[in-house]
Amino acid sequence: MRDPLLKVTSITKTFSGITALDDVTLDVSPGEVVGLVGPNGAGKTTLFNCLLGQLKPDRGTVMFAGHDLTRVAPHLRARLGIGRTFQRMELFSGMTPWEHFLVAGRARRGDGRLWKDLLGMGRPSKEERASASDVLELLGLTADARRPIEALSLGRGRLVELGRALMIEPKLLLLDEPSSGLDHAETAELAEVLRNVNVERSTAILLVEHDVPMVRSLVSRVFVLDFGTLIASGTTESVFANNAVQRAYLGTNV
Amino acid sequence: MEKFLSALIEGMSFGGVYALVAVGLVLAYKTSGVFNIAFGAQAFVSGAIYYQLHNRSEWPIIPAFLLAVVVAAPLVGAALDRMLFRHLRTAPPLSRLVVALGLLVAIPEVVGLFFKVTQATQYKGIVPGGEIVYRPLSGVAITRDDLSIILSAALVAIGLTILFRYTSLGLRMRAVVESPRLTELNGIRSDIVGTTAWMLSSFVAGLAGVLLPTVFQQVSVINYTTLLTAAIAAAVLASLTSIPIAFAGGIGLGILQQFVSRYLPTGNVFASNVKPSLPFIVLFVVLLFKRSLSYEQGLKDPLAGVDPPPPVPASAVRSRELTIGTRIFGFVVGTWWFYSVLFLWNDIWLDRTIRILIYAIIFCSIVVITGMAGQISFAQATFAGMGAFFSAQIATKQGVSVIAAIFIASAVAAVVGALIGLIALRRRGIFLALATYAFALFFDNTMVRYDWVGGGIFAIESQRPVVGPVDFARPVPGSTTRDTAFLVLVLVVLTLVGIAIIWMRNGTTGRFLDALRGSETAAASIGINATKARIIAFAVSAFIAGLGGGLLASYKIQFSSLDYKAELGLFWVVIVVTLGPRTVEGAIQAAAGFVLFQEWVLPTAIPWLYNHALPFADITAISIGWQQIFFGLGAVTYAKHPEGILESNKTASLTRVQGLIDRFKSRRDSEIETASV
């Protein structure tokens, strides 16, 4: 087995007495699509926030591509190659999808140099524009590229979030319920896009999702969280066949 | 012991007023989400009415008090809510701060139209025989007026605490501020609850307004402003949420102030400078060290999604033809203006033009910090002042060339700006703005008094630059030479600053700041370093302000700290925000407004128009106060038009022109089609 891209070891996080994550260990290999499922309140988003540094875990370590992330600031984690989307959409109000992608592309290249701006060298370069157009095309957003973000539907907005994360050319994408609020057609489209991203760019994906058919169609391995503990993990088929998982999450008739 | 006790008693009566206003601020914030810095101005309204009725018209105490505090003050509150703040419940906290700032500037001048503030002395308080002194212990004296303050403050604090803890009205008020629309879905009329809350907090303001003058014996706006700063410190100590802490903080601050003024050695420069600026120092320290202010409790309305998207800036809707068209228009107007100034108009207009350009440079610093970074800084006048003081000192004492001195002084301002940005960084939004204000007041009251900084309120000599063979010296009176060299100099500097800002906006810095304004969490998720971006914005802004300030000093040859007072900085923010905070163009408009309104529009243009429109009218000049009223009320529109009123009107008319162009084009296209068929 290859070295894992992301290795989470014994993460524990409590909020004033309530244990949100209890000794959670998981890993994602390069180029792999992994699912993370569990009922609402199981601790999935908390885990994401710990991975990205928005929250500080009480115990445990996060290793990513050979780096220990425990003391790394959130924006530096992004530069190491972790992209994410948010369960409650976080877009840059007042900007168009095109601007979202350009700014993300610029951010990937590290800090802006003030002197470059002051010498008039801060405009987007040809390569930056080309890679932004590529992502627009990949996500089918070309027609909406110049519209303000507020004018787009929820589904399109989720795609913009995904595209923005892709613009930093991540090695790992963390997707927090990307299909919530989407209809069936849009969900199917999104799954298709994610498959393309994974195949063409060999980006690893850690997917938090409630839509079981979507998870099944995309992922090769699944981790199941319930009340902050990992109750099952393994290949998709074996996990969804597991009785404990069915009771905790899927109900009895799956 | 006697000294201790009398300091304690005296401190408590000062502290009582602080506490009352602090409690009112917390109340207003809890119930409307507005950090109401116009609170002092509202208090002034009641103070002025009470003085007018009781002292001048000799009404008895009770009807005067009822009219000033129980009727007028809540009415003002209800009017402000109905006309303004109701429509801002979902606006970002900073927009609401700017609206309140506009009111802070405008209200005292509106009052001044009806109320002669000069000689409003020998104020009589709200209890008969206020000057009667009680001596509970030997050596300790307390007047009836002092008692009335302490008792009123305590009663208000207790009453409000009970209201919020135990009554359903208090609960509803808190719900409305979270989300008026969700509250409505639960069957509560949010508008009535909101108005009630405003009337209540305005009543507290009114009460403070009639009590404050008893400790100063006069009604004066300045006292209300100073009062407000002290109260802000107490309110911030309470994190803008706890009424009991705000009360205790206010009383404590009053006592601290008395102790400082009685126990610090007299004669020491530092001690005598610290005394008046104590509230600002306390405010600054509280802002720095209080951890719970780190994250602004931004009110995210769950139903905010139903709001229409914000307006698009004018430049975004322009087509190529229109862009070229507006540029040509701008160029023609500019050329005409400079031609007239150089060859047709007299020296007064040359002087005005130079000052407009210098203020435009200073206002460009507000474009960077407010228009680009989305932060409000009240310290821009202070940064400009640093540019002026330090460049004058370096040039005069060290013999450095003036241009170099201005650059060095601006660099110093930039470093200070970066430090303010750094230490105030985790204090977002309104707390950051307050920290800059505290710093500005501190600089005004303490630093400027040192010889090596500002030389007190006396005029400081500065010099005109000499660059190689060109001497920018001021023309000798009576000679035929004019100040055109300096005009060219400031025009060049403004052009460079303008280009730098435009490049910054289109470059990395501007885009990162845009992203941070949109969503800080998301910006971090793509690798944007918020700390660095904000510090850069502060430093660049302070540098530009320093440049402008230094040039202004050099141009005037003689200047004083009054040219860079903190209150002036507030007004600058108001005027730029009104006339267009997003663009360099907006900064120039604001500068023209700032210089011309006071010197030409009010004293000359409006009377001329008026006298010509009405043949029998003969007015000579309009009160200067109208400038404050006009721009103050202009800033009130900030929440609706964050790009500035002028800019939004420009957008509207440009959109119309664009429509005409499109129609013309489509007709032409169809003609071509018909022709080809």
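So that the names make sense, note that chain A is the first sequence line, chain B the second, and so on, each numbered from 1.
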Practice task
Assess whether side chain to side chain contact (heavy atoms under 4.5 Å, CB included) is satisfied between A:R106 and B:I526, documenting all intermediate values.
Solution key: CA-CA 9 Å; A:R106 182 61 65 85; B:I526 55 171; over 6 Å; no

Practice task
Would you name the heavy atoms of B:G527 and A:A78 that are closest together and state the gap between them?
Solution key: N-CB, 3.3 Å

Problem - Heavy-atom closest contact (B:A522 atom, A:F92 atom, distance) - result: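 Heavy-atom minimum between the residues: CB-CE2, 3.7 Å.
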
Problem - Residue pair A:V103 / B:D514, side-chain heavy-atom distance below 4.5 Å - result: no

Handout entry: Donor on one side chain, acceptor on other, B:S525 and A:R84, under 3.5 Å
Key =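 A:R84 and B:S525 do not have a side-chain donor-acceptor pair below 3.5 Å.
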
Handout entry: Among A:I82, A:T85, A:L52, A:L91, residue most engaged with chain B (heavy-atom pairs, under 4.5 Å)
Key = A:L91

To the nearest 0.5 Å, how far apart are [atom1] in [X] and [atom2] in [Y]?
X	Y	atom1	atom2	answer
B:R511	A:R123	CZ	CZ	8.5 Å
A:L118	B:L496	CG	CG	11.0 Å
A:L119	B:I499	CG	CD1	12.0 Å

Exercise for the section: Could you check B:I528 against A:H75 for side chain to side chain contact (heavy atoms under 4.5 Å, CB included), going step by step and ending with a plain yes or no? Expected result: CA-CA 6 Å; B:I528 292 176; A:H75 71 273; 5.7 Å; no

Practice task
Using heavy atoms and a sub-4.5 Å threshold, report which of residues 158-168 of chain A line up against chain B, by residue number.
Solution key: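 Hits under 4.5 Å: A:R164, A:I168.
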
Practice task
Give a yes or no answer on whether the side chain of A:D117 reaches the backbone of B:G507 with a donor-acceptor pair at less than 3.5 Å.
Solution key: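 It does not hold such a pair.
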
Exercise for the section: Counting only heavy atoms closer than 4.5 Å, note whether B:A533 contacts chain A via side chain, backbone, both or neither. Expected result: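 No part of B:A533 comes within 4.5 Å of chain A.
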
Practice task
Assess whether atom CZ of A:F48 is packed by more than 12 heavy atoms of other residues, nucleotides or ligands within 6.0 Å.
Solution key: yes

Problem - By salt bridge (Lys or Arg N to Asp or Glu O under 4.0 Å) - contacts of A:R147 (at least two apart) - result: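 Salt bridge (Lys or Arg N to Asp or Glu O under 4.0 Å) list for A:R147, sorted by chain: A:D144.
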
